[in-house]
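What you see is a predicted model, and the numbers here were worked out from it, not measured in a lab.
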Amino acid sequence: QFIDRFALSHRFPRVLDQRFARFCKQHDCAEIVSERSHEALVVALRRLLSDEKRVAELAANSLKAAQPFSRDLVRETFVEHINKV
């Protein structure tokens, strides 16, 4: 099944969660649930379960959005900064 590939951001009022939700919205890599209710979460989950094409889009966008955080890129950047010291 495709269910293990989708991302869901259920936004809570903490700053980190808000930043994560903004990041996901900006990169269109998660279904954003901004309302704090079980009903809103259920609606979002049903939407994801019924739309395999949308889930595939979210998965592809997630991979693209994660590229700047790749282990190799982070390691290279870290080594560059260390070598400048």
Could you state the interatomic distance from [atom1] ([X]) to [atom2] ([Y]), rounded to the nearest 0.5 Å?
X   : Y   : atom1 : atom2 : value
H27 : K64 : NE2   : NZ    : 11.0 Å
R71 : E76 : CZ    : CD    : 11.5 Å
N61 : Q26 : CG    : CD    : 12.0 Å
L41 : E39 : CG    : CD    : 9.5 Å
K25 : S34 : NZ    : OG    : 7.5 Å
L63 : L58 : CG    : CG    : 11.0 Å

Fill in: Donor-acceptor pair, side chain of N83 and main chain of V79, under 3.5 angstrom
yes
Item to complete: Tell me who clusters with F23, hydrophobic residues only, linked when side chains sit under 4.5 Å apart either directly or through other members.
Response: F69
Worksheet item: Hey, what else clusters with F78 if you join Ile, Leu, Val, Met, Phe, Trp, Tyr whenever side-chain heavy atoms sit under 4.5 Å?
Response: I82
Looking at [X] and [Y], what are the two nearest heavy atoms and their distance?
X   : Y   : value
A21 : I32 : O-CD1, 3.6 Å
S62 : C29 : OG-O, 3.0 Å
E31 : A44 : CG-CB, 3.8 Å
V74 : P68 : CG2-O, 4.2 Å

Item to complete: Compare all side-chain heavy atoms of V85 with those of H81 and state whether any distance is below 4.5 angstrom.
Response: no
Worksheet entry | Which residues share a salt bridge (charged side-chain N to carboxylate O under 4.0 Å, His left out) with R54, sequence neighbours left out | D28, E57
